[in-house]
Amino acid sequence: MTSRRILRVITRMNAGGPARHVAWVSEGLAARGWETRLLTGDVAAGEDDLTGVADGRGLDLRRVPGLSRKIDPVRDGAALAKVVAAIREFDPDIVHTHTTKAGFLGRAATYLVNSTRGRGDRIRAVHTFHGNVLSGHFPPVRERALRGLERLLAHAATDAILVLSPQQRAEIVERFRIARAEKVSIVPLALDLGVFASLPPRGAFRREMGFGDDAFVVGMVGRIAPIKNHEMFLRAAAKTLRTAPRARFVVVGDGAGAPELE
């Protein structure tokens with residue numbers, strides 16, 4: 001049987017869901033006969049590195065110097081050339097991109113490679129939105145530019161778009177009009193729950209924290225980073241305590257924002 005190849009591209013393997021997702025999906029595809037390779041940039045200073053999640057699964061991970069979240073025309077241009085070279089060298093059937101910057105560069109690189117090929121030899125391009133930066137992240141002018149670029153890529157350089165939920169699909173198709181409905185499919189995010197198989201019985205955490213069995217406990221679990229908006233959780237806690245002084249609030253997790261949050 002002819003080998004099937006898929007090249008995945010992610011901006012960086014920092015702590016968070018997308019990095020774990022690409023490692024798990026690549027491992028699953030390899031078990032189903034796909035030859036996989038993962039391109040990624042370097043994790044930024046102060047971020048936790050999840051490269052070990054991929055290494056521990058025996059994946060073929062290749063670094064792309066210059067691939068980073070920050071917009072830098074010179075570095076981005078160099079990274080684009082490296083991704084083009086990687087696509088030509090690996091010659092995949094599919095290029096699957098994850099996260100915004102990798103989505104831009106990976107799909108643009110695939111388009112450039114395809115422009116030198118016949119229709120029967122095209123590489124398919126797939127992009128997954130794990131979230132988006134189309135609203136609420138940047139000044140309005142920049143957000144409009146990003147939406148325009150996403151629409152252009154979706155129309156000219158993307159064969160399929162994957163989202164994690166119906167809400168995300170509504171944003172991409174209806175709210176921001178990035179792509180036609182028939183091009184966008186929902187693939188719910190899978191989670192590895194094996195780590196929770198040996199958890200202590202319910203109530204152990206309350207006893208460890210010194211909370212009573214009847215305490216009203218609210219927890220926020222996840223990476224401590226600005227995008228998670230732990231500050232809003234703390235503001236809600238403060239308001240709740242005014243009318244429910246026996247309530248207890250717990251933040252579980254770690255990350256670059258932990259010292260400031262404390």
Side-chain angles (χ1 to χ4, degrees), residues 6-30 34 36-57 59-64 66-71 76 79 83 86 92 94-110 125-138 146 150 153-154 158 160-169 171-172 178-179 184-193 195 221-229 253-257:
I6 181 165
L7 181 70
R8 316 181 77 77
V9 190
I10 186 171
T11 307
R12 64 206 193 284
M13 292 289 284
N14 64 319
R20 297 182 185 276
H21 173 88
V22 297
W24 292 335
V25 172
S26 294
E27 183 182 32
L29 286 170
W34 286 84
T36 67
R37 181 171 292 178
L38 177 61
L39 302 183
T40 183
D42 293 320
V43 173
E47 291 186 317
D48 297 319
D49 191 343
L50 288 189
T51 302
V53 174
D55 293 340
R57 287 166 167 76
L59 303 182
D60 183 2
L61 187 149
R62 308 291 178 94
R63 296 284 187 182
V64 179
L67 180 56
S68 65
R69 184 183 184 189
K70 183 179 179 182
I71 295 176
D76 293 346
V83 175
I94 297 172
V95 172
H96 188 174
T97 60
H98 305 259
T99 65
T100 303
K101 176 62 77 65
F104 290 158
L105 296 183
R107 286 180 287 172
T110 305
V126 179
H127 179 65
T128 292
F129 280 98
H130 294 270
N132 66 68
V133 294
L134 302 175
S135 178
H137 288 263
F138 303 109
L146 287 172
E150 283 285 6
L153 286 169
T158 311
I161 290 175
L162 306 181
V163 295
L164 308 182
S165 68
Q167 178 184 356
Q168 280 189 320
R169 188 175 189 274
E171 288 182 340
I172 297 303
I178 300 301
V184 184
S185 299
I186 301 170
V187 179
L189 184 63
L191 299 173
D192 181 1
L193 301 179
V195 67
V221 184
R223 176 168 56 101
I224 301 178
I227 195 171
K228 302 300 183 181
N229 202 352
D254 202 356

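Predicted, not measured: the structure shown is a model, and the values here were computed from it.
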Minimum heavy-atom distance [X]-[Y], with the two atoms named:
{"X": "A179", "Y": "A154", "result": "CB-CB, 4.0 Å"}
{"X": "G253", "Y": "I224", "result": "O-CD1, 3.6 Å"}
{"X": "T99", "Y": "P18", "result": "CG2-CB, 4.1 Å"}
{"X": "V83", "Y": "A109", "result": "CG1-CB, 3.6 Å"}

Distance check, rounded to the nearest 0.5 Å: [X] atom [atom1] versus [Y] atom [atom2]?
{"X": "T40", "Y": "L59", "atom1": "OG1", "atom2": "CG", "result": "12.0 Å"}
{"X": "D60", "Y": "L38", "atom1": "CG", "atom2": "CG", "result": "8.5 Å"}
{"X": "L105", "Y": "T100", "atom1": "CG", "atom2": "OG1", "result": "11.0 Å"}
{"X": "I172", "Y": "L162", "atom1": "CD1", "atom2": "CG", "result": "11.5 Å"}
{"X": "Q168", "Y": "L189", "atom1": "CD", "atom2": "CG", "result": "9.5 Å"}
{"X": "K228", "Y": "R223", "atom1": "NZ", "atom2": "CZ", "result": "5.0 Å"}

Whether R169 side chain and V184 backbone form a donor-acceptor pair below 3.5 Å: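 Side chain of R169 to backbone of V184, a donor-acceptor pair under 3.5 Å: yes, one is there.
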Would you say [X] and [Y] make side-chain contact, with heavy atoms under 4.5 Å?
{"X": "F104", "Y": "D76", "result": "no"}
{"X": "R8", "Y": "V25", "result": "yes"}
{"X": "E171", "Y": "L134", "result": "no"}
{"X": "V22", "Y": "M13", "result": "yes"}
{"X": "L39", "Y": "L67", "result": "no"}
{"X": "I186", "Y": "P166", "result": "yes"}

Please check if any side-chain donor atom of [X] sits under 3.5 Å from a side-chain acceptor atom of [Y], or the reverse.
{"X": "T128", "Y": "H96", "value": "yes"}
{"X": "T51", "Y": "R63", "value": "yes"}
{"X": "S26", "Y": "T36", "value": "no"}

H98 and H130 aromatic ring geometry - parallel, tilted or perpendicular at 30°/60° bounds: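 The arrangement is tilted - the two ring planes meet at 30° to 60°.
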Derivation of the side chain to side chain donor-acceptor pair (under 3.5 Å) call for T11 and R69: CA-CA 6 Å; T11 307; R69 184 183 184 189; over 6 Å; no
